[in-house]
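Everything on this sheet refers to the single structure shown next.
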Number of protein chains: 2
Amino acid sequence: MPQRTRKPGPSKIRSAAFQRIRADHSSELAEDYVELIADLIDEKGEARGSDVAMRLGVANATVVKTMKRLQDAGLVTQEPYRSIFLTGEGWKMAEDGRRKHKIVEGFLLALGVPEETARIDSEGIEHHVSEATLRAMARFLARKVM
Amino acid sequence: MPQRTRKPGPSKIRSAAFQRIRADHSSELAEDYVELIADLIDEKGEARGSDVAMRLGVANATVVKTMKRLQDAGLVTQEPYRSIFLTGEGWKMAEDGRRKHKIVEGFLLALGVPEETARIDSEGIEHHVSEATLRAMARFLARKVM
DNA sequence: CGGAAAGTTTAGCATTGGCTAAACCTATTG
DNA sequence: CAATAGGTTTAGCCAATGCTAAACTTTCCG
Ligand SMILES: [Mn+2]
Ligand SMILES: [Mn+2]
Ligand SMILES: [Mn+2]
Ligand SMILES: [Mn+2]
């Protein structure tokens with residue numbers, strides 16, 4: 001066998017983390033969209049594509065395109081020129097996102113992170129915390145309160 | 001003015017978080033690559049593209065393509081068929097990545113997150129924590145030790 | 001030294017997620 | 001009730017990340 005022999009090694013195991021991250025990223029956008037749509041529905045009674053675009057800081061056309069993907073994924077429903085609705089599946093994901101988001105943001109605040117920073121950081125962190133980590137954060141919050 | 005009037009509102013402010021996330025994502029890959037390359041150099045004396053690919057759980061061809069981008073960005077250096085080197089800039093980014101990574105992972109462990117989970121979650125979280133949050137984590141660690 | 005095995009790069013393709021400009025509806029209002 | 005202002009979608013473009021299969025180098029061994 002020519003060339004430096006490289007044992008299979010624990011690289012496969014190590015790569016699991018990166019694979020999880022890539023998976024997280026592909027669901028991240030969907031999570032933020034449905035959570036935001038849920039917020040808009042609760043706040044103003046309906047979610048317009050342009051409101052979503054504005055809150056995300058993204059062009060209108062980008063939202064339209066993403067909606068098609070989310071529709072194919074069974075998370076939202078929309079007729080052309082009408083506002084956006086969440087499917088049951090979509091609501092479930094939105095609720096779960098809110099739950100995680102709340103824990104992470106509350107946790108950062110309890111840790112002493114400034115409000116604005118906690119709001120911003122939690123928006124990114126929420127997508128990369130496993131249930132075990134969420135539990136640890138919740139535990140910390142509970143201890144703090146007591 | 002036709003149609004429902006929509007006030008400019010605080011949406012612009014709210015969108016800042018999402019814009020930060022999009023920015024984080026575009027630097028995230030570069031950070032993981034250079035940190036990994038630095039680890040390989042320290043561990044085995046050199047970083048081969050195929051080792052990078054294996055650790056990331058990605059195809060060889062993907063690494064080759066990414067290396068071109070990192071080279072254009074002034075982070076790495078490579079001759080065809082040879083191993084990869086970091087530029088000064090690359091080392092700086094790698095060191096900074098390690099620093100953040102260590103704080104986040106250590107913090108999760110101190111919080112009571114299982115080892116394996118801490119390793120995996122920190123790989124994603126590290127890219128979304130601001131300096132203020134890192135400081136809060138470091139503070140927590142220091143308090144724990146005392 | 002001269003293959004062939006093994007490692008590396010190229011070619012070509014797909015998807016995601018952005019953007020701008022142009023075309024297209026809808027709804028307000030004169 | 002029709003014109004039009006203004007919101008929405010299409011069209012077409014681009015960059016980043018992946019992949020597989022084929023081409024190409026290197027390296028080791030007989
Ligand atoms: Mn969220
Ligand atoms: Mn988010
Ligand atoms: Mn890292
Ligand atoms: Mn990472």
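Quick note on labels: first sequence line is chain A, next is B, and so on, each numbered from 1.
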**Message:** Just the rounded figure in Å: distance from C1' of D/dT8 to CZ of A/Arg82.
**Reply:** 12 Å
**Request:** Decide yes or no for A/Leu70 and A/Leu29: does some side-chain heavy atom of the first lie under 4.5 Å from some side-chain heavy atom of the second?
**Result:** no
**Item:** N/O (side chain, B/Ser50) to phosphate O (OP1/OP2, C/dT8) under 4.0 Å
**Value:** yes
**Prompt:** What string of B, S and - do you get for nucleotides 14-19 of chain D 5' to 3' if you count protein non-hydrogen atoms under 4.0 Å?
**Reply:** --SBBB
**Message:** Measure CD/B/Gln71 against C1'/C/dT8 and give the value in whole Å, please.
**Reply:** 15 Å
**Prompt:** Is any side-chain nitrogen or oxygen of B/Gln78 closer than 4.0 Å to OP1 or OP2 of C/dT8?
**Reply:** no
**Request:** Round to a whole Å and report the spacing from CG of A/Asp32 to C1' of C/dT16.
**Result:** 15 Å
**Request:** Just report the end-to-end axis angle for the helix from C/dC1-D/dG30 to C/dG30-D/dC1, five pairs per end, to 10 degrees.
**Result:** 10°
**Message:** I need the OH-C1' distance between B/Tyr81 and D/dT26, as an integer number of Å.
**Reply:** 9 Å
**Prompt:** Under a 4.0 Å N-O cut-off, is there an ion pair linking B/Asp24 with B/Arg20?
**Reply:** yes
**Asked** What's the CD1-C1' distance between A/Ile84 and D/dT9, to the nearest Å?
**Response** 13 Å
**Distance in angstrom units between B/Glu46 CD and C/dT8 P, rounded** = 9 Å
**Request:** Flag the pair B/Phe107 / B/Val113 as yes when at least one side-chain heavy-atom distance between them is below 4.5 Å, and no otherwise.
**Result:** no
**Asked** Please give, in whole Å, the distance from C/dT8 P to B/Glu79 CD?
**Response** 15 Å
**Donor on one side chain, acceptor on other, A/Glu126 and B/His128, under 3.5 Å** = no
**Request:** Please tell me if the side chains of A/Pro114 and A/Glu116 come closer than 4.5 Å, counting only heavy atoms from C-beta onward.
**Result:** no
**Asked** Do B/Thr133 and A/Asp121 have side-chain atoms, one donor and one acceptor, less than 3.5 Å apart?
**Response** yes
**Asked** What residue among A/Lys44, A/Arg55, A/Arg98 forms salt bridge (Lys or Arg N to Asp or Glu O under 4.0 Å) with A/Asp39?
**Response** A/Arg98
**Asked** Is A/Lys100 salt-bridged to A/Glu28, cutoff N-O under 4.0 Å?
**Response** no
**Complete:** Heavy-atom nearest pair, A/Thr117 first then B/Ala132, reads CG2-CB, 4.0 Å
**Asked** Considering heavy-atom distances to DNA chain C, does A/Pro80 or B/Pro80 have its closest nucleotide positioned more toward the 5' end?
**Response** B/Pro80
